[in-house]
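Here's the structure we're looking at; comments come further down.
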Number of protein chains: 4
Amino acid sequence: MRDSVETRARILKTAEKIFSEKGFDGARVDDIAKEAGVNKALIYYYFKSKNEILETILSNLFQEAKNLLVQSAGNTSDISSEGGYRKLFDAYINFVTRNRKIIKIAIAESAKDDAKPSIVMELGKIIINSEIENIRREYSAKGIHYPDDKQELLVLEFFTGLVPFLAYALYKEQWESLYNVSEEELREAFYRVYTRTHLAAHLP
Amino acid sequence: MRDSVETRARILKTAEKIFSEKGFDGARVDDIAKEAGVNKALIYYYFKSKNEILETILSNLFQEAKNLLVQSAGNTSDISSEGGYRKLFDAYINFVTRNRKIIKIAIAESAKDDAKPSIVMELGKIIINSEIENIRREYSAKGIHYPDDKQELLVLEFFTGLVPFLAYALYKEQWESLYNVSEEELREAFYRVYTRTHLAAHLP
Amino acid sequence: MRDSVETRARILKTAEKIFSEKGFDGARVDDIAKEAGVNKALIYYYFKSKNEILETILSNLFQEAKNLLVQSAGNTSDISSEGGYRKLFDAYINFVTRNRKIIKIAIAESAKDDAKPSIVMELGKIIINSEIENIRREYSAKGIHYPDDKQELLVLEFFTGLVPFLAYALYKEQWESLYNVSEEELREAFYRVYTRTHLAAHLP
Amino acid sequence: MRDSVETRARILKTAEKIFSEKGFDGARVDDIAKEAGVNKALIYYYFKSKNEILETILSNLFQEAKNLLVQSAGNTSDISSEGGYRKLFDAYINFVTRNRKIIKIAIAESAKDDAKPSIVMELGKIIINSEIENIRREYSAKGIHYPDDKQELLVLEFFTGLVPFLAYALYKEQWESLYNVSEEELREAFYRVYTRTHLAAHLP
DNA sequence: AATGAATGAGTGTTCATTCAT
DNA sequence: AATGAATGAACACTCATTCAT
């Protein structure tokens with residue numbers, strides 16, 4: 001019973017790795033099985049199809065992202081203070097770093113032409129909404145003016161709020177090796193840049 | 001003779017479309033042939049492999065991007081003026097809009113684990129370098145202080161300068177349909193956000 | 001478990017047949033699958049490629065040929081006696097008759113321009129060496145003079161010792177049908193000719 | 001006109017080379033075109049099909065072989081004399097050496113299961129018949145006994161008369177490189193072996 | 001006589017998925 | 001819960017051959 005749960009988890013973890021390395025279509029169920037150390041047929045015992053593995057992985061990301069938002073909305077009493085903002089930033093950076101493999105998959109998949117909006121857009125929507133709620137609360141509490149243009153706010157939150165974090169997850173490793181910097185150096189530079197751009201745009 | 005050039009171009013254009021819709025691995029050579037209205041074997045008359053089609057497409061993007069940079073560096077006499085900056089912004093937005101299909105492909109491919117740096121990183125590098133040159137020239141001409149931290153500047157240019165444009169190309173259509181806005185509305189909102197974040201970070 | 005071994009063997013046997021009928025390049029994996037009564041993909045479950053099937057077949061021949069030589073070298077106490085020689089001849093004729101399909105393949109492949117020496121030449125080498133050992137032992141035991149010219153001996157063993165047997169395997173069936181003789185008639189005529197030529201050359 | 005004849009001949013010569021290197025089925029019309037320095041379509045201007053090229057090549061060999069036999073039957077007044085025999089041997093060795101590429105093709109093709117007898121068997125038949133005629137004439141002129149068993153004579157002529165020459169053509173180059181001997185050394189060793197085996201069998 | 005472009009029918013190989021145990 | 005064997009449907013790529021000029 002314990003074993004069975006662990007096996008399923010191992011399959012998911014391995015699929016995550018291989019999907020992120022090769023892309024969903026480029027990944028082979030054979031490779032997942034081999035690297036997870038299980039028989040290929042066993043994968044089909046736990047999952048209906050290769051596609052279901054992907055959906056499971058992405059929906060897990062969704063759930064975790066939601067949890068993070070709820071949690072950070074609860075924990076962060078004062079976003080606009082330096083320390084409060086840094087805490088939030090760290091929580092986000094840690095999240096995208098920890099989940100960077102899945103985020104890569106999500107981004108790659110989001111490029112495809114599907115009828116439904118891509119997971120990244122969905123993710124963006126809930127993150128943005130939660131963020132906007134936070135901001136609105138903050139702002140109104142402080143009597144700060146809140147931008148009138150809803151569209152502009154959405155664009156701000158998505159393209160300069162969420163997207164750089166996703167790009168961070170996507171290119172973190174390539175960046176570190178191309179420019180020969182440590183994880184810390186990159187994170188700190190990213191923090192300074194992020195505050196000078198996105199955060200700055202929030203202040204009046 | 002003319003026809004042959006046109007046929008090759010049609011194959012490339014169609015591959016571009018299908019790669020961007022399905023991803024490289026998800027795309028079928030059969031589908032490219034069918035949609036381009038040519039015999040499948042003819043594709044292999046012009047290109048050694050499916051992969052060579054991809055490389056051709058991406059290297060064309062590379063070339064066009066370089067040309068754009070050279071051109072915009074030459075044309076824009078005064079980036080720091082409102083009108084000058086808007087011109088540059090329009091040139092970039094037009095470029096990523098026009099080439100959005102290829103950019104989608106490039107981003108999706110850049111997520112894969114390859115030995116060499118992804119095309120997006122390469123693109124980032126040359127764009128950044130060119131940009132940094134421009135900026136340095138502008139700044140020194142005006143006696144404005146230029147940031148000391150090279151890494152921070154790189155991060156600024158890549159994650160808040162280039163990346164939002166790429167994201168714009170990637171999600172433009174999804175955005176328009178999800179939030180039910182016109183291309184112009186999105187572009188204008190994006191312009192305002194971009195000036196308030198990335199451009200603002202450049203001013204002292 | 002047993003079945004799996006049998007299935008693999010059936011694929012090999014069928015490939016042997018089809019390669020010998022059509023030549024390696026002329027043979028179709030589809031045909032092998034159909035005639036072996038297995039799914040085409042199953043062939044690739046057991047063998048990495050069409051080429052690996054060929055290599056397996058040829059290396060099996062190699063092994064069997066070696067076994068035959070070891071065995072006949074051990075069993076034949078007196079090659080130079082009429083009965084002893086006939087026994088050896090029968091063993092060889094049976095071997096090439098039984099393996100004639102593979103021998104056809106080996107010969108056809110040996111005609112191609114490959115970097116490495118063809119399997120026929122390799123086969124020739126080990127057969128010749130074993131044969132020469134036998135002869136040398138016999139001769140010295142009997143005080144018979146042994147040819148000085150090593151090259152001449154090699155040529156003798158290969159072109160008039162081995163080659164006629166291979167040709168027998170290659171053309172046996174065509175011969176029987178063209179000249180309308182039975183297997184026995186051909187074998188007996190071949191025996192008389194072989195003793196009058198190759199064997200005679202060994203006697204002083 | 002001259003050119004056209006020369007072009008056709010060059011195509012044939014190149015096809016000969018490539019068929020002998022790769023086998024008929026392994027050879028590519030593209031490769032023949034490239035190596036002959038002509039456009040692929042031009043090959044189909046001169047020959048109906050790839051198969052017709054093969055047939056042309058093989059039928060040329062046939063013709064040349066016949067010519068050789070007629071000629072050698074006419075020229076050689078006394079086969080049974082040492083000098084006469086050597087002359088004949090040289091003529092044959094030269095023929096198979098010069099035509100070794102085509103002979104390789106013929107042998108490889110002769111391994112396939114075709115309804116009609118292979119070209120090697122056909123070749124064998126005419127050579128044998130001519131040879132037998134020669135021998136019979138010689139023998140009766142000298143009052144030497146002529147073997148009663150027709151089958152045995154056929155086997156003798158084919159398997160120890162013709163076949164070693166074909167094998168010589170087939171393996172000459174491999175032999176020279178494997179045993180590191182010159183063309184002359186091999187030919188002389190072959191001559192001595194041939195006289196000690198096949199020729200000896202003809203003498204009472 | 002010669003060529004660049006085009007094509008139909010394969011051809012070896014792969015892959016997600018299923019079956020029997 | 002787990003596995004080795006099996007399969008149908010593709011799939012990228014090839015190749016002999018033809019067409020238009």
Side-chain angles (χ1 to χ4, degrees), chain A residues 1-8 24-33 37-53, chain B residues 1-8 11 25-33 37-53, chain C residues 1-8 11 25-33 37-53, chain D residues 1-8 11 25-33 37-53:
Chain A
M1 311 266 155
R2 277 296 101 191
D3 273 7
S4 132
V5 169
E6 199 274 332
T7 301
R8 202 188 109 104
F24 177 74
D25 290 304
R28 302 292 155 231
V29 175
D30 262 292
D31 292 344
I32 297 173
V38 302
N39 184 283
K40 190 174 28 161
L42 192 60
I43 291 180
Y44 286 89
Y45 176 80
Y46 285 109
F47 302 94
K48 201 160 55 78
S49 67
K50 185 185 168 189
N51 211 69
E52 204 191 74
I53 303 178
Chain B
M1 313 256 159
R2 278 299 101 191
D3 271 7
S4 140
V5 169
E6 199 273 333
T7 301
R8 203 189 108 106
I11 291 170
D25 290 304
R28 301 296 154 229
V29 176
D30 265 290
D31 292 344
I32 297 174
V38 301
N39 185 285
K40 189 173 31 161
L42 193 59
I43 291 181
Y44 289 90
Y45 179 77
Y46 287 108
F47 303 95
K48 213 173 63 213
S49 65
K50 186 185 167 187
N51 210 69
E52 202 188 78
I53 303 178
Chain C
M1 315 252 156
R2 278 296 101 194
D3 272 7
S4 139
V5 169
E6 199 273 332
T7 302
R8 201 188 109 105
I11 291 169
D25 290 304
R28 300 297 153 227
V29 176
D30 265 292
D31 293 343
I32 297 173
V38 301
N39 184 286
K40 188 171 36 158
L42 192 60
I43 291 180
Y44 288 89
Y45 178 78
Y46 287 107
F47 302 95
K48 213 173 65 214
S49 65
K50 186 183 169 190
N51 210 68
E52 202 190 78
I53 303 178
Chain D
M1 312 266 153
R2 277 297 103 194
D3 273 6
S4 131
V5 168
E6 198 274 333
T7 300
R8 201 188 110 106
I11 290 170
D25 290 305
R28 304 292 156 232
V29 176
D30 262 292
D31 293 344
I32 297 172
V38 301
N39 183 283
K40 191 174 27 160
L42 193 60
I43 291 180
Y44 287 89
Y45 176 81
Y46 286 108
F47 301 94
K48 202 161 53 81
S49 66
K50 184 183 167 189
N51 211 68
E52 203 189 77
I53 303 177

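Computed from a predicted structure; not experimentally measured. Proteins come first, then strands; the chains are lettered A, B, ... in the order of their sequence lines, and each starts at number 1.
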Supply the atom-to-atom distance [X] [atom1] to [Y] [atom2], rounded to the nearest 0.5 angstrom.
X      : Y      : atom1 : atom2 : result
E52(D) : I43(D) : CD    : CD1   : 12.5 Å
K50(C) : Y44(C) : NZ    : OH    : 8.0 Å
R28(A) : K40(A) : CZ    : NZ    : 11.5 Å
I11(D) : Y46(D) : CD1   : OH    : 6.5 Å
R8(B)  : I53(B) : CZ    : CD1   : 9.5 Å

Nearest whole angstrom, please: distance from the [atom2] of [N] to the [atom1] of [X].
X      : N       : atom1 : atom2 : result
K40(C) : dC11(F) : NZ    : P     : 14 Å
D25(C) : dC15(F) : CG    : C1'   : 13 Å
I32(C) : dT11(E) : CD1   : C1'   : 12 Å
E52(B) : dC13(F) : CD    : P     : 10 Å
D30(A) : dT18(E) : CG    : P     : 15 Å
I53(D) : dT17(F) : CD1   : C1'   : 12 Å
D31(D) : dT14(F) : CG    : P     : 12 Å
D3(D)  : dT3(E)  : CG    : P     : 12 Å

query: For dA1(E), which nucleotide is its Watson-Crick or G-U wobble mate, given both distances must be under 3.5 Å?
result: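 By the stated definition (distances under 3.5 Å), nothing pairs with dA1(E).
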
field: Base-pairing assignment for dA6(E) (Watson-Crick or G-U wobble, both under 3.5 Å)
entry: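 Across any shown strand, dA6(E) pairs with dT17(F).
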
[N], OP1 or OP2 - any side-chain N/O from [X] closer than 4.0 Å?
X      : N       : value
R28(B) : dA10(F) : no
Y45(A) : dA2(F)  : no
S4(C)  : dG4(F)  : no
N39(D) : dA2(E)  : no
T7(A)  : dA1(F)  : no
Y44(D) : dT18(F) : no

query: Between I43(C) and N51(B), who's closer to the 5' end of DNA chain F by nearest nucleotide?
result: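 Taking each residue's closest nucleotide, the earlier one in sequence belongs to I43(C).
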
query: For N39(D) and A33(D), which heavy atoms make the closest approach, and how far apart are they?
result: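 N39(D) and A33(D) have their closest heavy atoms at C-CB, 4.3 Å.
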
message: Applying a 4.0 Å non-hydrogen cut-off, can you work out what A27(A) is touching in the nucleic acid: base, sugar-phosphate, or nothing?
response: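 Since only primed, P, OP1 and OP2 atoms lie under 4.0 Å of A27(A), the category is sugar-phosphate.
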
message: Applying a 4.0 Å non-hydrogen cut-off, can you work out what F47(A) is touching in the nucleic acid: base, sugar-phosphate, or nothing?
response: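 Nothing, no nucleic acid heavy atom in range.
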
Most 5' of V29(C) and V38(B) on DNA chain E, judged by nearest nucleotide: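 Its nearest nucleotide lies further toward 5', so the answer is V38(B).
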
message: Heavy atoms from C-beta onward define the side chain here; which of dC15(E), dA6(E), dG4(E) lies closest to that of L42(B)?
response: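 My answer, after comparing the listed nucleotides, is dA6(E).
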
